[in-house]
Trainee: 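Mind looking over this structure? Questions follow.
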Amino acid sequence: MKRAWKADWALMIGPHTRQYVLALLWTGTIAFLMTALNPLATRLIFDVAVAQKRLDWLVGIAAASLIVFSLLRWWDFQCGQYQQRLTNRLSADLTQRMVAGYFRLPPASVAKHSDGYFVARTMSEVENTVTPAVSAGVQLLRAVMILVTAVVTVLILSWQLTSVLLIITPALLLLARHFAARLHQDANDVQENTAAQQEVHSAAIGSYRTVRMFGFEGLALQQLMRSVDRRLDAVYTLGYRSGKYGTLSRITLSIAELLVLMLGGYAVMTTSLTLGSLMAYMTAYWMAVSAVQTLIDLLPDVQILRSNIWRLADMLDQADEVQPPLPIPAPGQAITWQNAAFGQGEVPTLTGVNLDVPSGSRVLIRGANGAGKSTLALTALSLLPLRQGSVSRVKDVSGLVEPVVFPALPLKDLTTQFDGHDVQAMAEPLGLLPLMNARYDELSLGQRKKFALMMTLLKPAELYVFDEPLANLDDATQVQALEMIMEHTQGKTVLAIMHDSANVLSKFDIVAEVVAGSLEVEIRPEGSRRMGPVDAVMAPLMA
């Protein structure tokens, strides 16, 4: 992927362009003054005060220089504080955009990685990009200003000596061009392996209880260290390439430095330069060399920065891709699977799924744990792409599939999108009304289940999907929850996953049983929602 610098600027700086330009101008002004005044002060000391043996002038020039440079350094400190505040604003803005982009990613992209991977993409990579974006830009401008000012100064003092810098420049440019593309790829490899390690690392840390219980320390560490080794190998490769480039560049600069020293000494010996001019020249020259070395050191950083920016841009581009609308089923149908195969791993969980769900019907999905019931529900909610086949569905859908995780916010904040009277009317019978000020992560498992049920029912929809809605609830609450589901979904289509379903069979029109990777469908007789002989016959099979 190729991106223009203008696109990189728009992504990283965006609405903060004026503040960023101000930081650059501030830095550039300080760099110009420091570089121009330093050789001037050196020449005044040696060619004026020392040459004329005026102690008062020597003290006066030194004192004035001390005051001026102290003020400049304090101004530089204030500039640094401004840059940090700007970095914080850029980081907050980009974090918001990246997390918002994550929520817009197509389910197929999200399903490829765990939460830890996307934490790295939306937090660690943001921090690893924003800070260098500000610091590299500032350092680059500072180095360029110092170099330009220093070169002008040494040209004024002695153009013959300065020509050495011009001779050595093409060699430095060739080195930079040779290493730039490789450094860019190496930086991308480091970021991708870092995100992959964080994904594995998060899983390992999250498995503390099972590792302790079943003695999985060796397996967990083995998997973790494989990801660590891959990341460290990528870091080594990047460091090797950066170091090689820096070393070759410094060797080239050392040759230039030696030539300038020899020619400068010869110029003094032949009296074509005064001692003050030589001292001023060497001061400016070393500033120029230091600036060139800074630019050399910045090349790997800039390539890493661009690689990071491109990774962030790629994720946002995926989020902004227009997803084709889900096909609308035939009239009278709520959702239809045709020859569908799907699963969350490499091997499809279910294959050859063909199911037509009429509008207003209630479907019970049952089967053994791990058979693929929740996977089927995820495709109904468009949260998991199909491997093959097709699914068509009504537009408005509501549902939650385990594990259910809401943002760690108070319940009252999570329900602000709904009518307050509706929230209160549903929260009260579920016993959630006194908990509305509590954060979701402070709730017990049963309270979380009730809240998930309430949120699913509050959202207006044509199709409702429930994944084990009665799990983690006591017997009395199970009866109440089932009644609420049936009451609030009158006339709507319901897909309900239930493991222990014998007692609720009479509530459903269609029973879809997940068996051995396929779906077996039974259309129940008209009026069978009432408890009758059919339930008595089928109850043992469904227990």
Side-chain angles (χ1 to χ4, degrees), residues 209 361-374 376-377 380 398-406 411 414-415 422-436 438-459 461 463-515 522 524 527-543:
R209 294 178 182 175
S361 61
R362 294 179 173 177
V363 181
L364 173 65
I365 303 172
R366 60 180 196 161
N369 288 334
K373 304 186 300 295
S374 296
L376 179 66
S398 177
L400 292 169
V401 176
E402 295 289 346
V404 176
V405 180
F406 283 92
L411 304 191
L414 295 172
T415 56
D422 293 340
V423 173
Q424 183 173 357
M426 196 167 293
E428 187 170 6
L430 290 172
L432 293 177
L433 204 55
L435 300 173
M436 296 305 289
R439 293 201 319 265
Y440 175 78
D441 57 328
E442 297 173 342
L443 304 182
S444 67
L445 289 178
Q447 291 166 341
R448 293 184 184 187
K449 175 63 71 174
K450 293 177 184 178
F451 183 71
L453 174 63
M454 182 180 77
M455 292 293 285
T456 303
L457 291 174
L458 282 171
K459 181 181 177 183
L463 170 65
Y464 288 87
V465 179
F466 300 94
D467 183 11
E468 299 289 356
L470 308 183
N472 299 317
L473 300 178
D474 57 62
D475 293 343
T477 307
Q478 285 186 8
V479 173
Q480 181 185 38
L482 186 60
E483 290 178 353
M484 291 181 66
I485 291 174
M486 296 305 167
E487 178 185 350
H488 285 82
T489 59
Q490 285 290 336
K492 308 299 183 181
T493 307
V494 174
L495 296 181
I497 298 171
M498 293 188 183
H499 183 66
D500 297 321
S501 55
N503 295 330
V504 298
L505 186 61
S506 60
K507 304 289 186 181
F508 296 90
D509 307 305
I510 301 174
V511 176
E513 180 117 23
V514 182
V515 179
E522 175 197 357
R524 291 174 59 73
S528 62
R529 288 189 191 175
R530 298 186 301 272
M531 183 65 69
V534 175
D535 297 303
V537 173
M538 298 192 65
L541 300 176
M542 301 176 184

Trainee: At what distance, to the nearest 0.5 angstrom, does CD of Glu402 lie from CZ of Arg448?
Mentor: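 With rounding to 0.5 Å, CD (Glu402) is 10.5 Å from CZ (Arg448).
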Trainee: Out of curiosity, Gln447 CD to Leu411 CG, how far, rounded to the nearest 0.5 Å?
Mentor: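 With rounding to 0.5 Å, CD (Gln447) is 9.0 Å from CG (Leu411).
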Trainee: Other residues, nucleotides and ligands only: do more than 12 of their heavy atoms fall within 6.0 Å of CD on Gln424?
Mentor: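 No - once you tally the heavy atoms of other residues, nucleotides and ligands closer than 6.0 Å, there are 12 at most.
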Trainee: I'd like to know if Lys507 pairs up with Glu483 as an ion pair, taking the criterion as any Lys NZ or Arg NE/NH1/NH2 lying under 4.0 Å from an Asp or Glu carboxylate oxygen.
Mentor: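 Looking at Glu483 together with Lys507, the answer is no, because their closest N to O distance does not fall below 4.0 Å.
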Trainee: Are more than 12 heavy atoms, taken from residues, nucleotides or ligands other than Glu428, located less than 6.0 Å from that residue's CD atom?
Mentor: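 No, CD of Glu428 has 12 or fewer neighbouring heavy atoms, counting only those of other groups under 6.0 Å.
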Trainee: If you take all heavy atoms of Ser398 and Ala461, which pair is closest and at what distance?
Mentor: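 Scanning both residues completely, I find the closest heavy atoms to be N-CB, 3.6 Å.
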Trainee: Less than 4.5 Å apart, side chain to side chain, heavy atoms only: is that true for Phe451 and Leu400?
Mentor: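 In short, these two side chains do not touch, never coming nearer than 4.5 Å.
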Trainee: Please examine the side chains of Met484 and Met426, heavy atoms only from C-beta on, and report whether any two atoms are closer than 4.5 Å.
Mentor: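 In contact.
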Trainee: Do Phe466 and Leu453 come close enough that some side-chain heavy atom pair is under 4.5 Å?
Mentor: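 Heavy-atom side-chain distance check passes, below 4.5 Å.
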Trainee: Roughly how far, to the nearest 0.5 Å, is CE of Met498 from CG of Asp467?
Mentor: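 So the CG of Asp467 and the CE of Met498 are separated by 10.5 Å.
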Trainee: To the nearest 0.5 Å, tell me how far Ser361 OG sits from Ile510 CD1.
Mentor: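 With rounding to 0.5 Å, OG (Ser361) is 4.5 Å from CD1 (Ile510).
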Trainee: Are Leu495 and Leu376 packed together at the side-chain level, in the sense that at least one heavy-atom pair is separated by less than 4.5 angstrom?
Mentor: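 No; the side chains remain at least 4.5 Å from each other.
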Trainee: Met455 versus Phe406: any side-chain heavy-atom pair under 4.5 Å?
Mentor: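 A side-chain contact exists here, since the closest heavy-atom pair is under 4.5 Å.
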Trainee: What are the two closest non-hydrogen atoms of Ile497 and Pro469, and how far apart are they?
Mentor: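 For Ile497 versus Pro469, the nearest heavy atoms are O-CD, 3.5 Å.
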Trainee: Is there side-chain contact between Ile365 and Phe508, with at least one heavy-atom pair below 4.5 Å?
Mentor: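 They are not in contact (no side-chain heavy atoms under 4.5 Å apart), so the answer is no.
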Trainee: Does a side-chain heavy-atom distance below 4.5 Å link Arg362 with Thr489?
Mentor: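 Touching, per the 4.5 Å side-chain cut-off.
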Trainee: Between CE of Met486 and NZ of Lys492, what distance do you get to the nearest 0.5 Å?
Mentor: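 Met486 CE to Lys492 NZ: 15.5 Å, rounded to 0.5 Å.
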Trainee: Does the side chain of Glu513 reach to within under 4.5 Å of the side chain of Leu364, using non-hydrogen atoms?
Mentor: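 Side-chain contact under 4.5 Å: no.
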Trainee: Could you state the interatomic distance from CG (Asp422) to OG1 (Thr415), rounded to the nearest 0.5 Å?
Mentor: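 The distance works out to 11.0 Å.
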Trainee: May I ask you to decide if Gly367's main-chain N or O and Lys373's side chain share a donor-acceptor pair within less than 3.5 Å?
Mentor: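 Side chain of Lys373 to backbone of Gly367: a pair is present.
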Trainee: Any idea which heavy atoms bring Ala438 and Leu443 closest together, and the distance?
Mentor: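 Heavy atoms of Ala438 and Leu443 come nearest at CB-CD2, 4.4 Å.
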Trainee: Looking at every non-hydrogen atom in both residues, tell me the closest pair between Ala427 and Met436 and how far apart they are.
Mentor: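 Heavy atoms of Ala427 and Met436 come nearest at CB-SD, 4.4 Å.
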